[in-house]
Amino acid sequence: MTVATTKPMARVPELEPSHKDARRYPQGVAFMDGQYLPMSEAKVSVLDWGFLHSDATYDTVHVWEGRFFRLNLHLDRFFRGMERLRMKLPYDRQEVERILSNCVALSGHKSAYVEMICTRGGSPTFSRDPRDAENRFIAFAVPFGSVANKEQLERGLHVGISETVRIPPTSVDPTIKNYHWLDLVKGLFDAYDAGAETALVMDTNGNIAEGPGFNVFTIKNGQLKTPAFGVLPGITRQTVFELCKEVGLTVAAADLSRDELNEADEVFITSTAGGIMPVTRVDGRSIANGKVGIVTRQLTDLYWKKHSDNAWSTAVNYE
Ligand code: PLP
């Protein structure tokens, strides 16, 4: 059932979950503590600081039709985050890349959601000093998932703005991808209570920040805008900047007010979990004519085209 990274990979059927509650887990393969495991067997100690204190960083990259999309950018962000949190792994960048690829290959998924995580771990002597902790690396590949379902992608998401304020960047550096999600989850409940499907939360200055797992863009008179302050600089957001350059659209990263959002011609959100996804209602009111906008569609088409471009994507080795 277990395979060391240096040994040849086991065949996928050998990794089929045998655990009785395997049905409660998505089909996939994880790597942790030096072994490849079915998702149902990948478990972390309750004493890990990642679990006890959200002391962790992670990144998520997707695989689409057998190719990683923008893997280098995700690895850059992951390694930068670990450095800032003073975490260290026994694996270098090439090894992490190989482990991610192995997880996907062993899972057999052609389109996958692939996560790499570094937790603080814990100290063998239960020391309370984070410097004594042995950091833990976990990776996994499960089926591709999206913030928006098929219907929402076609007609646009209905978003509610929550008054909840995203954790300030002076408390938690948002450029380090993290699991501080109590604000985002509260935002989701606020949005559900208001009849919306997902949420946007505010920054500490009362402007729009981001949502649970996504950045937001508006388009007004052909100009794009996305919040700059207190948000995770998403790789999909970065990709939109590059696509705009390619097609000659102007985009600004700057404060975005609630009014600007309501009065936009088009709104969309961006995430590795789904790409570019349209928003057609905010706080119960239609954006413009309530239909998915032309620019949103143009950027979405280009975004998915780039998934087969060698400059933007890397093939998974399924051998
Ligand atoms: N903002 C938050 C809080 C996120 O968790 C994510 C992704 O999980 C994003 C934005 C979007 O980032 P990316 O485009 O890199 O997936």
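Please read these numbers as outputs of a predicted model, since none were measured by experiment.
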Pairing residues for [X] by the salt bridge (Lys or Arg N to Asp or Glu O under 4.0 Å) criterion, not counting sequence neighbours:
X	result
R136	D33, D48
D255	none
K177	none

query: Passes side chain to side chain donor-acceptor pair (under 3.5 Å), S257 versus D259? Steps please.
result: CA-CA 5 Å; S257 70; D259 286 348; 5.3 Å; no
With rounding to the nearest 0.5 Å, note down the distance linking [atom1] in [X] to [atom2] in [Y].
X	Y	atom1	atom2	value
R77	M116	CZ	CE	8.5 Å
Y25	E41	OH	CD	9.5 Å
H53	F51	NE2	CZ	11.0 Å

Stepwise side chain to side chain donor-acceptor pair (under 3.5 Å) test for T175 and R84: CA-CA 10 Å; T175 66; R84 292 201 182 143; 2.8 Å; yes
Quick one: hydrophobic cluster around [X], which other residues, with the 4.5 Å side-chain cut-off, linked directly or via members?
X	value
I294	none
F69	W64, F144, F217, I219, L224, V240, F241, L243, V247, L249, V251, F268, I276, V295, L299, L302, Y303, W304, W312
L73	I235

Under 3.5 Å, which donor-acceptor pairs do the side chains of residues 202-212 form with other protein atoms, sequence neighbours left out?
residue, atom, partner, partner atom, Å
D203, OD1, N205, N, 2.8
D203, OD1, G206, N, 3.0
D203, OD1, N207, N, 2.9
E210, OE1, L232, N, 3.1
E210, OE2, R166, NE, 2.8

Pair listing, ring pair (Phe, Tyr, Trp, His ring centres under 6.0 Å) test, anchored in [range], at least two apart:
range	answer
residues 154-187	Y58-Y179
residues 105-131	none
residues 187-214	none

message: Checking S286 now: which residues fulfil side chain to side chain contact (heavy atoms under 4.5 Å, CB included) with it, not counting sequence neighbours?
response: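 Here the qualifying residues are R281.
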Pair [X]-[Y], side-chain donor/acceptor within less than 3.5 Å:
X	Y	value
T164	D190	yes
R67	N310	yes
T125	S127	no

- prompt: Could you give all pairs that pass the salt bridge (charged side-chain N to carboxylate O under 4.0 Å, His left out) test and reach residues 138-149, with sequence neighbours left out?
  reply: none
Would [X] and [Y] show up in the same hydrophobic cluster when neighbours are defined by side-chain heavy atoms closer than 4.5 Å?
X	Y	result
V114	F137	yes
W49	I138	no
L256	L184	no

- request: Show the numbers, then the answer: is there a salt bridge (Lys or Arg N to Asp or Glu O under 4.0 Å) between R80 and D59?
  value: CA-CA 11 Å; R80 210 168 42 236; D59 218 291; over 6 Å; no
- request: Could you check V159 against E197 for side-chain contact (heavy atoms from CB on, under 4.5 Å), going step by step and ending with a plain yes or no?
  value: CA-CA 6 Å; V159 171; E197 296 164 338; over 6 Å; no
- prompt: Between Y91 and F31, does the ring centre distance come in under 6.0 Å?
  reply: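 When the ring centroids of Y91 and F31 are compared, they turn out to be within the sub-6.0 Å range.
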- request: Would you confirm whether D183, through its side chain, and V201, through its main-chain N or O, come within 3.5 Å as a donor-acceptor pair?
  value: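 Not a single qualifying donor-acceptor pair exists.
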message: Whether the side chain of S101 engages the backbone of R98 through a donor-acceptor N/O pair (distance < 3.5 Å, no angle test) should be reported.
response: no
